[in-house]
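Before any comments, here is the structure.
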Amino acid sequence: EVGGAVASGSCRFADYFVICGLDTESGLEPDELSGKSDQSACSTTNFEQSPLRRTFKSKVLAHYPDNVEWNPFDQDAVGMLCMPKGLSFRTQVDSREPQFHSFIITREDGSRTYGFALTFFEEVTSKQICSAMQTLYHMHNAEQYDILHTPTSPQGLEDQLRQHTQPRPMLHAAPAISRLQRFNSYDISRDTLYVSKCICLITPMAFAQACRKVLQQLHQAVTSPQPPPLPLESYIFNILYEVPLPPSGRSLKFSGVYGPVVCQRPSTSELPLFDFAISEMFNLLGVENVLQLFTCALLEMQILLYSQHYQRLMTVAESITALMFPFQWQHVYVPILPASLLHFLDAPVPYLMGLHSNGQDDRTKLELPQEANLCFVDIDNHFIELPEELPQFPNKLEFIQEISEVLMFFGVSPEGNIHSSDSQAKLQNLRSVDMVSDKCNGNLASPLNSFLLRENETIARLQALVKRTGVSLEKDASCNKDARVQCNEEELKMHQLNIQVREVFANRFTQMFADYEVFVIQPSQDKESWFTNRDQMQNFDKASFLSDQPEPYLPFLSCFLETQMFASFIDSKILCHDDEEKEHTLRVFDARVDKIRMLNVRTPTLRTSMYQKCTNIEEAADFVAPEPYTTIEMRVSKIDHTALHPHLLDMKIGQGRYEQGFFPRLQSDVLSTGPTSNKWTKRSAPAQWRRRDRQKQHAEHLYLDNDQREVRGPLCVFFSQPHDLPPMWSLPPPLPSSQKYIQEARNLGTTIRQPKLSNLSPSVIAQTNWKFVEGLLKECRNKTKRMLVEKMGREAVELGHGEVSITGVEENTLIASLCDLLERIWSHGLQVKQGKSALWSHLLHYQESKEKKNATPGLIHDAERRKSDGGGSAMPPLKVSLIQDMRHIQNISEIKTDVGKARAWVRLSMEKKLLSRHLKQLLSDHELTKKLYKRYAFLRCDDEKEQFLYHLLSFNAVDYFCFTNVFTTIMIPYHVVVVPSKKLGGSMFTANPWVCVSGELAETGVLQVPRNTLEITFECQNLGKLTTVQMGHDNTGLYAKWLVECVVVRNGITGHTYKFPCGRWLGKGVDDGSLERILVGELMTPSTDNDERMCRTPPMQQSPGMMRRFVTISPNSKPKLNTGQIQEGVGEAINGIVKHFHKPEKERGSLTLLLCGEYGLVWALEQVFQHGFKSPRLFKNVFIWDFLEKAQVYFESAEQREVTPDENWQTRVRHFCRFMRAINNTPRNIGKDGKFQMLVCLGARDHLLHHWIALLADCPITAQMYEDTALIKDRSLVNSLIRVLQTLQEFNITLEASLVKGIGI
């Protein structure tokens, strides 16, 4: 959680003061783990380093007080984080600047404690330590001497030596031995040895600037020639026991050793406390990179920060998480990863961690267990490596522009500026070696990085703004923050910049989620039962929310709504009904959302992608201080509270003296307990503070940042007379019930937030990994369920069936997150990392081992055939082969990376309903799994693995097109078989047949089919889901009549087989005289083995069946349907089309099916025109088209006679005749029914059908050709038919090319 929960019970500014360093008793203990720390890949172990460069174990030398019950002292964690790399030694020639860094300790319940540490160097006075160091050097030199005198001296040794030498010029001519002496930088007789020591404050809240000042002044007191005014104990006692936390919305001043320290805390209506310099992050990375990193964090990727400076790691981590307001990072959060915990990078969960670099090795040396979903941020080199397929943050360019304007107003360059704050002081001390390596990294001048911005369209606007504000883009605007005591103005500027930037970010979320409350699904049951079923509950109507969003936002938003942080945010919304119970962040966010809704006149539900700037900040050029700005200024200029001044303590005579340059061992007896009486306190609470309503004071004083927990535990009194006090001794109110749930909800989706910072025994590691395994399994269960629910609709899953409804964007999101989960499972417990994708690497190993075994590659022994029904005999099913599917992916040249290949393979397996089966087969090679994975890996936990495969099996219940719809440009082999009717000998057929296959993406053009085999295989660009097949023949030879049963087409990669039923003749003088037909098809479902058979979605729509054979009307086939049934048929057909257009575009099925498929619109209108059709002479078929042609002749002659003056009538007649002529003149050989189908489709497209029905109903020809009982003669029925057809007018119907080929209208 951002800003973290304050340790319950703490109302003091600091809980502990800690000193870490060298324990002279235990001497020099090499720190093996930290030695390898810089990079796990670094080949140099601790002992190969020169002794001064090695790391040794540091100890917590003292901490005061011993323990406070609301925040138990964690010795291991504090020791590791104060000096994450252990002790370091220097001599008088090295730079020994003090370094400040902060750190964070996250407890089991997610609450946080902050640490602020100042590390400096002290002379080593212990003779034992000095002589131990000397001995180490003798041993080291002897080894190096051997190496130097081995004839095959390795080439790189010289460089290796140079890194350890002092920055004196190298004399290359010097003989090896003198070079060695120079490299030997410690000689007990002439050198002074220094060792690092660290003083640290552990505090409940992150007042970074104040703590930095306190520590710097304490260090100054020890190093300055004059002793401080009071003993150091007095100042430390004061900060531990006499300085309170400032209450919400107040500022507090207390005394350091040399000057006052001010800190202030935002009120309950402002953004939560944040005291790190955000400008530092923008300086280090630049706006563009920050925004990419921000996007990765919001989508809960794995994020690894990398820098030589601990403080930079912390600043970037804290800034990024603070900018997420109102959302909170829910996963592992370790801004500084101690060296001994490097194995934690193996964690198969989202994390945000910081890794220390030694500044010499580059990124390529760094071996990371998993990179498929990793965002790697090299802070010192202004460089960021992103996961593949990262969606763009909505309105990215405008957002960058807005942030840049704020930064430039404060003189910060939006491109980032490598030499910001901390680095300034260090620049002078950079060793020449580092300088050289720095230049190679392109690190020295910000213009080098300015290309980042120049690429942007925003640059023009920025430059205009620069002119207006008079800020130079390349100017180094950062001040040197290492000045001893900061000017208040500088700090105020930092706070103001922080607030400005945070407001801009917060405003993005308030705009994006302004209507979020409407979509929150409130639980119907009570909280207890809601809680127990939390896993199964949907808490937010994602589909409706997304359907309101502008198209460009969807890729980002659909991923974001799936995150843990979003789920937790909505949970806390559900659990807090009234404002009183609300968590701070939620309360502040909701207040902002309400404000926006009042300001926005536009309807709240219609979202636009119009960019709304942050109103809390006026145009940068004519800057007017907004409200949060002034509140901070007021707080800092008019201090609300002043704490007690440090004073002399009851110390024995002679105590409290110290030696200059050494931080003393303090007197623990005076520091271990707080004040017992009010003897030293003096009145300091301003009057207006007293007069407030007591209860409110109480709540506000104890109000804990960002968290809803009340204070528990001992409270200390800071103010003098009892009546001045907020009633701090009164018991806090009981915890509201919802808070218990929020706390649990928060821990629900997360397994581990921070590794246990202790010396790791194998059992601890095993336990941690077991938690990961359980977490992965749970995540897999939830993901599969979520994907099925999305695909089939909620009830459907419960009943075992359902209809397809899922947006393309959302389906992609869910599948991408499944791929990410598989990558994390496959990279858990890997022995050796190869390539960026662990899953693909495993598949390649499997492929290799199988191909070795099988002398005939490709024919894998398991390649069983899948049984298939329907087209059974027409086309033998594809073999099931994992290796073959891999080859398909390897042959796709568009996919360049391993991660991409693994994802494509998962998509293909999902579409083929083979994912579970393939993975089962992959894991059945136990030898290979043992070779690749450690014992604790998820893939070697048998029960969990079985359950995991079982969950994946449930995907076979639904049809996915996640491969076909994504890889739209690849080449795919198709196999086509034409099945002639068995009844009438197709063998006599003499003409040459052809087909043309169309899909949602493209069509093939005419393909000749060999007459003897009636099947062809061809390769073409992905056609998408197949929709129609046009087929016909050239009418040559003696017997050019052909009765075709159906056409079957199969996709050679996905194995999807489509059947296009026909059941009619093609030939002159038979049936309707058609030489070509348009067939509408459907996907055939393979019948799978029983164990894999689960419920499945019904096909989208039945395909045209044999009904169409009897469209011709002959004396002995009276129409079967009565007028009621016909009306119903028309209603159903129109309804299908209306529903089609009401679905989001990505969800729509095939419109061709709804028009020409079985029971589609064409069929329905055929029934209308056949009803009551008079039967002609025996044995002569009459078609509807014959009737329409007669009507056309009548209309044309009537038009010439100008019988009807009505202009409307004339327009309709003109349209009708024009379409009839165009269809009759088409060069295509389509029969009479084909022509009728074409007319209906064109009439639907141009919204003319209802006009034509009205024309035909009044036409004299109708009177001649229809019985009196015919539907078309019934006035009221015709009127209702017209009304139904009019509903199509509001839709823009686009016809598939195959339906209207050859018609130029």
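All heavy atoms count here, side chains included; hydrogens, waters and symmetry mates do not.
- Between the side chain of D94 and the backbone N or O of T91, at least one donor-acceptor pair lies under 3.5 Å.
- Classification of the Y64-F17 ring pair by plane angle, with boundaries at 30° and 60°, yields parallel.
- For D23 against K59, the heavy-atom pair with the smallest separation is CB-CG, 3.8 Å.
- Atoms SG and CG, from C200 and L118 in turn, are 10.0 Å apart once rounded to the nearest 0.5 Å.
- Salt bridge E491/K213: present, at least one basic N to carboxylate O contact under 4.0 Å.
- Residues N67 and Y16 bring a donor and an acceptor atom of their side chains to less than 3.5 Å of each other.
- Atom CG of L374 is separated from atom CD1 of I303 by 9.0 Å, given to the nearest 0.5 angstrom.
- Looking at N289, its side chain does come within 3.5 Å of a backbone N or O of L285 through a donor-acceptor pair.
- Using a 30° and 60° split on the angle between ring planes, H331 and W329 fall in the perpendicular class, above 60°.
- When all heavy atoms of R502 and L273 are compared, the closest pair comes out as NH1-C, 4.5 Å.
- P204 is not listed as a side-chain neighbour of W70, based on a closest heavy-atom distance of 4.5 Å or more.
- Here CE of M494 is found 9.5 Å from CZ of F276. Values are rounded to the nearest 0.5 Å.
- No donor-acceptor pair under 3.5 Å is formed between the side chain of E123 and the backbone N or O of T192.
- Within the 4.5 Å cutoff, the side chain of F274 has no heavy atoms near those of the P266 side chain.
- Put simply, the side chain of L61 does not reach to within 4.5 Å of the side chain of V18, judged on heavy atoms.
- Looking at Q311, its side chain does come within 3.5 Å of a backbone N or O of S102 through a donor-acceptor pair.
- Counting all heavy atoms, side chain and backbone alike, L201 lies closest to A14 at CD2-CB, 4.1 Å.
- Under the 4.5 Å side-chain criterion, counting only non-hydrogen atoms from C-beta, L497 is in contact with L407.
- The closest donor-acceptor contact from the side chain of N498 to the backbone of I278 lies under 3.5 Å.
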Evaluate the side-chain contact (heavy atoms from CB on, under 4.5 Å) criterion for residues L352 and L304: first the C-alpha distance (whole Å), next the side-chain angles of each, then the deciding distance (0.1 Å), finally the verdict.
CA-CA 6 Å; L352 202 167; L304 187 60; over 6 Å; no
Stepwise side-chain hydrogen bond (donor to acceptor under 3.5 Å, both in side chains) check, Y258 with S224:
CA-CA 11 Å; Y258 294 110; S224 68; 3.3 Å; yes
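- Panel note: side chain H101, backbone Y310; no donor-acceptor pair is recorded below 3.5 Å.
- Heavy atoms only, all atoms of each residue included: Q217 and G259 are closest at OE1-N, 3.1 Å.
- Between the CG atom of L22 and the OG atom of S58 there is a distance of 9.5 Å, given to the nearest 0.5 Å.
- Under the rule for a side chain to side chain donor-acceptor pair (under 3.5 Å), Q75 has no partner lying at least two apart in sequence or in another chain.
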I would like to know whether F207 and Y114 meet ring pair (Phe, Tyr, Trp, His ring centres under 6.0 Å); could you show each step before the answer?
CA-CA 9 Å; F207 290 108; Y114 290 85; 9.6 Å; no
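- Here the CG-CZ distance, from L271 to F325, works out to 5.0 Å after rounding to the nearest 0.5 Å.
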Passes side-chain contact (heavy atoms from CB on, under 4.5 Å), V78 versus H63? Steps please.
CA-CA 10 Å; V78 173; H63 64 277; over 6 Å; no
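- Here R312 does not pair with E318 in a salt bridge; the nearest charged N to carboxylate O distance is not below 4.0 Å.
- Between F116 and F100, the angle of the ring planes stays under 30°, which puts this pair in the parallel group of the 30/60° scheme.
- Judged by distance alone, the side chain of H356 and the main-chain N or O of L313 form no donor-acceptor pair under 3.5 Å.
- When side chains are defined from C-beta on, Q216 does not count as touching H219, because their heavy atoms never get closer than 4.5 Å.
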Going through the checks in order, is the side-chain contact (heavy atoms from CB on, under 4.5 Å) test met by F73 and V68?
CA-CA 7 Å; F73 188 73; V68 296; over 6 Å; no
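- Side-chain contact between I384 and F376: absent, with no pair of heavy atoms (C-beta onward) separated by less than 4.5 Å.
- Inter-residue side-chain proximity for T113 and D74 is flagged as unmet; no heavy-atom pair is nearer than 4.5 Å.
- Scanning both residues, M314 and P335, for their nearest heavy atoms gives SD-CB, 3.8 Å.
- S196 contributes a side-chain N or O that, together with a main-chain N or O of S88, makes up a donor-acceptor pair within less than 3.5 Å.
- With sequence neighbours left out, the salt bridge (Lys or Arg N to Asp or Glu O under 4.0 Å) criterion links K253 to no other residue.
- The side-chain heavy atoms of Y241 and P65, taken from C-beta on, include a pair separated by under 4.5 Å.
- Of the charged side-chain nitrogens involved, none lies within less than 4.0 Å of a carboxylate oxygen, so that E122 and R90 do not count as a salt-bridged pair.
- When only modelled atom types and interatomic distance are considered, T119 and K197 share no side-chain donor-acceptor pair under 3.5 Å.
- When atom types are taken as modelled, the side chain of E385 and the backbone of D378 share no donor-acceptor pair closer than 3.5 angstrom.
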Set out, in order, the CA-CA distance, both residues' side-chain angles and the distance that settles side-chain contact (heavy atoms from CB on, under 4.5 Å) for Y235 and L218, then state yes or no.
CA-CA 8 Å; Y235 301 103; L218 281 171; 4.3 Å; yes
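- The shortest heavy-atom contact between T24 and S126 is CG2-CB, 3.9 Å.
- Ring-plane geometry between F89 and F56 is classed as perpendicular, the angle between the planes exceeding 60 degrees on a 0 to 90 degree scale with a lower cut at 30.
- Side chain of D380 to backbone of S307: no donor-acceptor contact under 3.5 angstrom is found.
- Between the NE2 atom in H309 and the CD atom in E280 there is a gap of 9.5 Å [rounded to 0.5 Å].
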